[in-house]
Amino acid sequence: MDNPILIGIIVGVIAAALGFLIGYVLRKKLAEKSIGSAEAEAKRIIEDATKAAETAKKEKLVEAKEEALKIKNDTERELKERRNDLQRMERRTIQKEENLDKKYEALEKKEEVLNEKIRENEELKTKNEELVAQQSEVLQKISGMSVEDARAMLIERVESEARHEMAMKLLEVEQECKDKAEESAKNIIALAIQRCAADSVSEATVSVVDLPSDEMKGRIIGREGRNIRAIETLTGVDLIIDDTPEAIAISTFDPVRREVARMTLEKLISDGRIHPSRIEETVEKSRKEVEAVIKKEGEQATYETGVHGINPELIKLLGRLKYRTSYGQNVLKHSIEVAHIAGMIAAELGVDVNQAKRAGLLHDIGKAMTHEIDGSHVQIGVDVARKYKESREIVHAIEAHHGDVEPNTLVAMIVQAADAVSAARPGARRENLESYIKRLQKLEEIATSFKGVEKSFAIQAGREVRIMVKPDEVNDDEMVFIARDIAKKIEEELEYPGQIKVNLIREMRQVDYAK
């Protein structure tokens, strides 16, 4: 206990404990003071918020009362207006009801009058029926025929007379229409043909190149035939070198290739240098010249016919028609001819001349395409015209010029007629003898397939079929219908230029001898 060090330690510990205790008490008092201040501030904020809320609540209540009062006034005004409308409608309804009552009374009176007349009519009808029955009995006794037999006989007689009159009237109307239409059509077509004189007859599929001497044939053939093989390979034609003096024939069904080969041979003969490399160079040069000619010919065709605004690609296709033929007829000249004829017919009929010329010029544009595009030239022409933004009328005229679809515009009908005129004129086309004979045979077969026909003969190069009918099976009235049916069947089953006359002949002969 007397140790001073221990006493010091104890005193230090006690002092430290007292210091900690005093610090703790001081911090607690400071914290309590801060909490009290915060609570007072929070209480003040809550009181302020409560006062603000009460104020806002009072303002909203005032606004709601004002709005409710406004709505109430508006509603009362609207109700008043509707009440007035209802009163007006009620007055009108009462007035209408009064009018309806008056009309109803009038109708009732009319109904009574009608019922009285109906009763009178029924009485008269009953009396008439009795009289008819009595007369019918008397007639049956007199004629010895029943009502059904008399009705059947009367119907048969009326039908026979009506059929006869119909046939006679049909003949009269048809003849009158044919006379007028034929006269008018002949005048128009004759005028158009006279004003359009074509200078082309037909073209062949072989071109002949003149040589300065027969020695040139050997140079064209070349060593071991290398020159002629090069020409044939590059141009796609066949060179015919035979005994014909000073001439070489170029044969192919593609006129463009034939023209390229002809120009190539003429250039090679004129130049004198004939070897494979020179041949290749000359063929390429000739092909470019032919393309230039194609473009020039297309432009010339549009200038000659007066058709403007055609797409440049269509002009090139028109130029290619210069090297296309149909039954030996040059297609470009045929198209120009059709354009002129269509334009003149349109002018006579008062139709748009420019549109008719345009359709006539483009009607065979599908023939300019190669075999790489599938389809008939009509369908190809329709697709090409649509592609290059031709009008719907022009496209329809192209589609209908061979009757693939029914022509429903005057321009389409004019182009169809102009195409037939250009193709059917003498010398325009060559026709295979075999197909010509088959057409005549088919014409006679169609005629003889009808009941009552005894013999038929196709005459005038197939432009008329003369038919002999059996007089005991076919009467004069039935001939009208048979002729019409035969003509219709020919139109459906045959393709031919122009028209075919169906001529029925009925001859009754009675022979006797005086002895």
Can you pull the salt bridge (Lys or Arg N to Asp or Glu O under 4.0 Å) pairs that have at least one residue in residues 387-403, sequence neighbours excluded?
->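 Passing the test, one end in residues 387-403: R358-E390.
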If you round to the nearest 0.5 Å, how far is CD1 of I345 from CD1 of I414?
->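 Rounded to the nearest 0.5 Å, the CD1-CD1 separation comes to 6.5 Å.
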In chain order, what residues pass the salt bridge (Lys or Arg N to Asp or Glu O under 4.0 Å) check against E130, with sequence neighbours excluded?
->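 Here no residue qualifies.
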Distance-only, no hydrogens or angles: does the S335 side chain make a donor-acceptor pair with backbone N or O of V331 under 3.5 Å?
->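 Here the side-chain-to-backbone pair exists.
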Identify the heavy atoms of I398 and A385 that sit nearest to each other, and give their distance.
->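 Shortest heavy-atom contact: CD1-CB, 3.8 Å.
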Test log, rule side chain to side chain contact (heavy atoms under 4.5 Å, CB included), inputs H363 and Q416 = CA-CA 9 Å; H363 80 283; Q416 193 178 59; over 6 Å; no
Flag the pair E215 and K217 as a salt bridge only when some basic side-chain nitrogen lies within less than 4.0 angstrom of an acidic carboxylate oxygen.
->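 So E215 does not pair with K217 through a salt bridge.
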Does the side chain to side chain contact (heavy atoms under 4.5 Å, CB included) test come out yes or no for R219 and M216, once each step is laid out?
-> CA-CA 5 Å; R219 296 183 61 186; M216 185 62 69; 4.0 Å; yes
Taking every non-hydrogen atom, the tightest pair across K322 and L332 =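 Minimum heavy-atom separation between K322 and L332: N-CB, 3.5 Å.
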Atom NZ of K117 and atom NZ of K110: how far apart are they, to the nearest 0.5 Å?
->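 Output value for this atom pair is 11.0 Å.
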Only distances under 3.5 Å count here; give the side-chain donor-acceptor pairs of residues 350-357 to other protein atoms, sequence neighbours excluded, each with its distance to 0.1 Å.
residue, atom, partner, partner atom, Å
D352, OD1, N354, N, 3.2
D352, OD1, Q355, N, 3.4
K357, NZ, T305, O, 3.4

Which value, rounded to the nearest 0.5 Å, describes the distance between N227 atom CG and E232 atom CD?
->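 Interatomic distance, N227 CG to E232 CD, rounded to 0.5 Å: 11.5 Å.
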Sole candidate of V338, I310, I394 that passes side-chain contact (heavy atoms from CB on, under 4.5 Å) when paired with L361 =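 That would be I310; it is the only one of V338, I310, I394 passing the side-chain contact (heavy atoms from CB on, under 4.5 Å) with L361.
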Considering all heavy atoms of both residues, which atom of V474 and which atom of K451 are nearest to each other, and what is their separation?
->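 Minimum heavy-atom contact is CG2-O, 4.4 Å.
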Indicate yes or no: at least one non-hydrogen side-chain atom of L318 is less than 4.5 angstrom from one of E297.
->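 Not in contact.
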Give the intermediate values and the outcome of side chain to side chain contact (heavy atoms under 4.5 Å, CB included) for residues L317 and L362.
-> CA-CA 10 Å; L317 291 176; L362 297 176; over 6 Å; no
So does E492 have more than 12 non-hydrogen atoms from other groups sitting under 6.0 Å from CD?
->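 Check passes, neighbour count above 12.
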Any side-chain heavy-atom pair from V453 and L504 closer than 4.5 angstrom?
->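 In short, these two side chains do not touch, never coming nearer than 4.5 Å.
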Looking only at heavy atoms, what is the nearest atom pair of S456 and T448, with distance?
->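 Closest approach of S456 to T448, heavy atoms only: OG-CG2, 3.1 Å.
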If you take all heavy atoms of V415 and G360, which pair is closest and at what distance?
->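 Closest heavy-atom pair between V415 and G360: CG2-N, 3.9 Å.
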Is the shortest heavy-atom distance from the side chain of I467 to the side chain of K455 under 4.5 Å?
->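 They are not in contact (no side-chain heavy atoms under 4.5 Å apart), so the answer is no.
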What distance do E493 atom CD and E445 atom CD have between them, rounded to the nearest 0.5 Å?
->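 Interatomic distance, E493 CD to E445 CD, rounded to 0.5 Å: 10.0 Å.
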H401 and its ring-ring contact (aromatic ring centres under 6.0 Å, His included) partner, picked from H396, H334, H377 =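 Option passing the ring-ring contact (aromatic ring centres under 6.0 Å, His included) with H401: H377.
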Tell me, which pairs form a side chain to side chain donor-acceptor pair (under 3.5 Å) where one or both residues lie in residues 279-293, sequence neighbours left out?
->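 Checked against side chain to side chain donor-acceptor pair (under 3.5 Å) - neighbours excluded - the pairs reaching residues 279-293 are T264-S286, K267-E289, R278-E281.
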Side chains of L268 and D271: does their closest heavy-atom pair fall under 4.5 Å?
->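 L268 vs D271: side chains apart.
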Compare all side-chain heavy atoms of R226 with those of P276 and state whether any distance is below 4.5 angstrom.
->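 Contact flag for R226/P276 side chains = yes.
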Listed by chain and number, what are the side-chain contact (heavy atoms from CB on, under 4.5 Å) partners of L494, not counting sequence neighbours?
->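 Partners of L494 under the side-chain contact (heavy atoms from CB on, under 4.5 Å) test: K442, L443, I446, I490, Y496.
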Would a 4.5 Å heavy-atom cut-off, applied to side chains only, mark Y323 and I294 as touching?
->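 The answer is yes; the side chains approach within 4.5 Å.
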Between E122 and K125, is the closest basic N to carboxylate O distance under 4.0 Å?
->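 Looking at K125 and E122, the cut-off is not met.
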Gap between atom CZ of F457 and atom CG of L440 - 0.5 Å precision |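 Rounded to the nearest 0.5 Å, the CG-CZ separation comes to 13.5 Å.
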How far apart are the C-alpha atoms of V469 and I505, what are their side-chain angles, what is the distance that settles it, and do they pass the side chain to side chain contact (heavy atoms under 4.5 Å, CB included) test?
-> CA-CA 6 Å; V469 299; I505 300 173; over 6 Å; no
Does a side-chain N-to-carboxylate-O contact under 4.0 Å join K367 and D364?
->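 Looking at D364 together with K367, the answer is yes, because their closest N to O distance falls below 4.0 Å.
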Can R262 and E259 be counted as an ion pair, charged N to O under 4.0 angstrom?
->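 Result for this pair is yes, salt bridge flagged.
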Approximate separation, where rounding is to 0.5 Å, of I365 CD1 and D383 CG =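 Answer rounded to 0.5 Å: 13.0 Å.
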Can you find a pair of side-chain heavy atoms, one from V237 and one from S251, that are under 4.5 Å apart?
->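 Side chain of V237 against side chain of S251, heavy atoms only: no contact under 4.5 Å found.
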Taking E464 as the fixed residue, which of I500, V502, N503 is the one that meets the side-chain contact (heavy atoms from CB on, under 4.5 Å) rule?
->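 One option only clears the test, and that one is N503.
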Taking only residues two or more places apart in sequence, or in another chain, which ones meet E299 in a side-chain contact (heavy atoms from CB on, under 4.5 Å)?
->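 In terms of side-chain contact (heavy atoms from CB on, under 4.5 Å), with neighbours along the sequence ignored, E299 is linked to K295, I315.
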Flag the pair L265 / L239 as yes when at least one side-chain heavy-atom distance between them is below 4.5 Å, and no otherwise.
->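 With C-beta onward as the side chain, the pair touches.
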Looking only at heavy atoms, which two atoms of A368 and L321 are closest? And how far apart?
->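 The answer is N-CD2, 3.6 Å.
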